Amino acid sequence: MATPLSDTPLSPLKTVAVVGLGTMGTGIAEVLAQAGREVVGIDISEAAAAQSVATLEAATARAVKRGRLTEQERTDLLARIRTSTDLRAAADADLVIEVAPESYSIKQQIFRELDGIVRPETILATGTNALSVTRLAADSARPERVLGLHFFNPAPAMRLVEVVSSVLTAPQAVAAVTDLAVELGKEPVAVGDRPGFVADGLLFGYLNQAAAMYEAKYASREDIDAAMRLGCGLPMGPLALLDLIGVDTARRVLDAMYTESGDRLHAPAPILKQLSEAGLTGRKSGRGFYTYEAPGSATVVRDALTPLEGADLAPGRPVRSVGVAGSGTMASGIAEVFAKAGYEVVLAARSEEKAQAAKARIGKSLSRSVDKGRLTAEAAAQTLDRITPAGSYDAFADVDLAVEAVAEDLEVKRQLFAALDKVCKPGAVLATTTSSLPVVACARATSRPQDVIGMHFFNPAPAMKLVEVVRTVLTADDVHSTVREVCVKIKKHAVDCGDRAGFIVNALLFPYLNNAIKMVQEHYASLDDIDAAMKLGGGYPMGPFELLDVVGLDVSLAIEKVLHREFRDPGLAPAPLLEHLVAAGCLGRKTGRGFREHARR
């Protein structure tokens, strides 16, 4: 019979065994030895153990060269690591971290063998990112000592560690590994046992959606990746990240998550299976969504799917003057962008006063750019001079491109497009900046739907590089070419997509945000832990709740509703917590309270 936990004090975690010496296990071993722990690396493969040692020697040699370690520290670090192919080498370990392949049978076999090898007080940790910790613990002779310790790759560089408790895990075990994670220089986040935990639970659903979007030929791989990098500030696009993780690995993780959760978001997109079975597993094989210079290389090379610059674009229409409709932040930002690029801009609002106020806002923005050294005073003055405020859309009579940036209300936009249809000259391009409404509905409000297109700018327009160019089934080729050419002149990166809710960015971003809200709603993890997990584990510039409060909870709810209506997926239904906060008037930073309290501006 196992010794009761309360009767057995936990020993300090001085000796740690790492079972599985792949990339992750080797990285964990390095982190532990760096922090002064004695490490026993175990792998059934002698070749894997030898490769692990070679990798550690090379990594520590680089650290010496970069001045992060002295030669003596490197010698001492390597001396603290020994390897074995026999699991019995873990007999004296205070903690065993298992990072074997994501398979219940493999992991359960390791845990059963460890039960007969380690001391009663030894903590057993699984490094799984998708399998049930509870199920692994239940098969152990000491379930109270089993927990999850999920590091992120590369372990030496990534600061996040998810500490995963099952209903069987003893608090003392959690406290011991949490303290260890802090001593390793990591930021531990305490989470419960559910598929993917926090970071991967949110990340892999997003990656899967991106793969499905590409498979449906909605947008090119380059445009999907550029949209998420430039529209959300992510370090990598989702398809490039899938190639880095390994398409086969992502498929296995999603399969395991779907088995546990039954959530359609985790059902692997068929293209992941097709690529995996063809051996196109990403960087490690030299080809996945992209083609690489060589197996293991990060350098993308051209292949049959690489687009030729401007190859299929028809000649565009000349654009010398631009009309911007609206008086809000987005309208003034877009007007500033066009004026900076040398276009004559008519900024029209519902009244002369609103148009003048919008121009004044642009003046303040330009002054800030001058103060920061980004613009000369002369260039700022010239930019402002190119903007003519107007209290009526009649001022758009001679513009070559009219861009509306009014309220995100379909009836309001339809009325505006009907007015533009009467005012604008024949051949003028009419663009909507909608982020979620059907562009074709705006087009059908005119007598020239072929001249209507979507130009979705991101806020703040002067700073954000992305523009989603949205063609309807009625948009003329030369209208599309015109907008692409204009994007080049205003120094924006254009991505092409079809006319469906959310386009690229919002269609991928908002389900992720909605799932984060559900985690809090279900008391799975705290706001702070989820935000920390996504910033530290996913490289996101902001956590989901920071972002929601910035975007506005009312705006987020409206987009969620549109996505849910369009795709009819129950998983896209807005989280009730979001609806409740909006109903209570807690809309984020703009009201002083959203998911968090904010100082009133």
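Small disclaimer: the values here were computed from a predicted structure and weren't measured.
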Rounded to the nearest 0.5 Å, how far does [atom2] of [Y] lie from [atom1] of [X]?
X	Y	atom1	atom2	result
Leu207	His266	CG	NE2	10.5 Å
Cys442	Leu416	SG	CG	8.5 Å
Asp409	Gln415	CG	CD	8.5 Å
Glu546	Ile530	CD	CD1	12.0 Å
Leu578	Leu553	CG	CG	5.0 Å
His493	Met464	NE2	CE	13.0 Å

Can a salt bridge be assigned to the pair [X] and [Y] using a cut-off of 4.0 Å between side-chain N and carboxylate O?
X	Y	result
Asp371	Lys364	no
Glu344	Arg320	no
Asp400	Arg317	no

Validation row: [X], [Y] side chains within 4.5 angstrom (heavy atoms):
X	Y	value
Thr23	Asn153	yes
Leu572	Arg264	no
Val520	Leu527	yes
Phe338	Ile387	no
Phe289	Leu305	no
Leu430	Cys424	yes
Leu203	Leu241	yes
Ile224	Arg221	no

Taking atom [atom1] as the centre, does [X] end up with more than 12 heavy-atom neighbours from other residues, nucleotides or ligands that are less than 6.0 angstrom away?
X	atom1	answer
Lys518	NZ	yes
Arg568	CZ	no
Glu411	CD	yes
Asp398	CG	no

Counting N and O atoms only, with roles assigned by atom type, does the side chain of [X] sit under 3.5 Å from a partner on the main chain of [Y], one being a donor and the other an acceptor?
X	Y	answer
Asp554	Val582	no
Asp451	Val429	no
Glu468	Phe503	no
Glu215	Ala269	no
Asp499	Pro438	no
Tyr290	Asp243	no
Thr433	Glu404	yes
Lys186	Ala155	yes
Asn208	Ala267	yes
Asp225	Leu239	yes

Closest heavy-atom contact between [X] and [Y]?
X	Y	value
Lys354	Ser327	O-CB, 3.8 Å
Ala314	Ser481	O-OG, 2.6 Å
Gly231	Val505	CA-CG2, 4.5 Å
Ala445	Phe417	CB-CB, 4.3 Å
Ser435	Glu408	N-OE2, 3.0 Å
Val452	Thr475	O-OG1, 2.9 Å

Are [X] and [Y] linked by a side-chain donor-acceptor pair shorter than 3.5 Å?
X	Y	result
Ser436	Arg500	no
His598	Asp549	yes
Thr383	Glu336	no
Asn506	His456	no
Thr291	Asp303	yes
Arg361	Ser332	yes

Stepwise, does the side-chain contact (heavy atoms from CB on, under 4.5 Å) test hold for Glu293 with Val300? CA-CA 6 Å; Glu293 201 169 49; Val300 175; over 6 Å; no
Would you call the rings of Tyr540 and Tyr206 parallel, tilted or perpendicular, where under 30° means parallel and over 60° means perpendicular?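 It falls in the perpendicular class, over 60°.
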Of the options Arg471, Lys217, Arg484, which is the one that meets Asp496 in a salt bridge (charged side-chain N to carboxylate O under 4.0 Å, His left out)? Arg484
Worked verdict on Ile504 versus Met213 for side-chain contact (heavy atoms from CB on, under 4.5 Å): CA-CA 8 Å; Ile504 298 174; Met213 179 181 280; 4.0 Å; yes
Apply side-chain contact (heavy atoms from CB on, under 4.5 Å) to the pair Met257 and Leu265, showing each step before the final yes or no. CA-CA 10 Å; Met257 289 170 64; Leu265 195 66; over 6 Å; no
For a side-chain contact (heavy atoms from CB on, under 4.5 Å) check, start with the C-alpha distance between Phe197 and Val189, then their side-chain angles and the critical distance, and finish with the verdict. CA-CA 10 Å; Phe197 314 130; Val189 169; over 6 Å; no
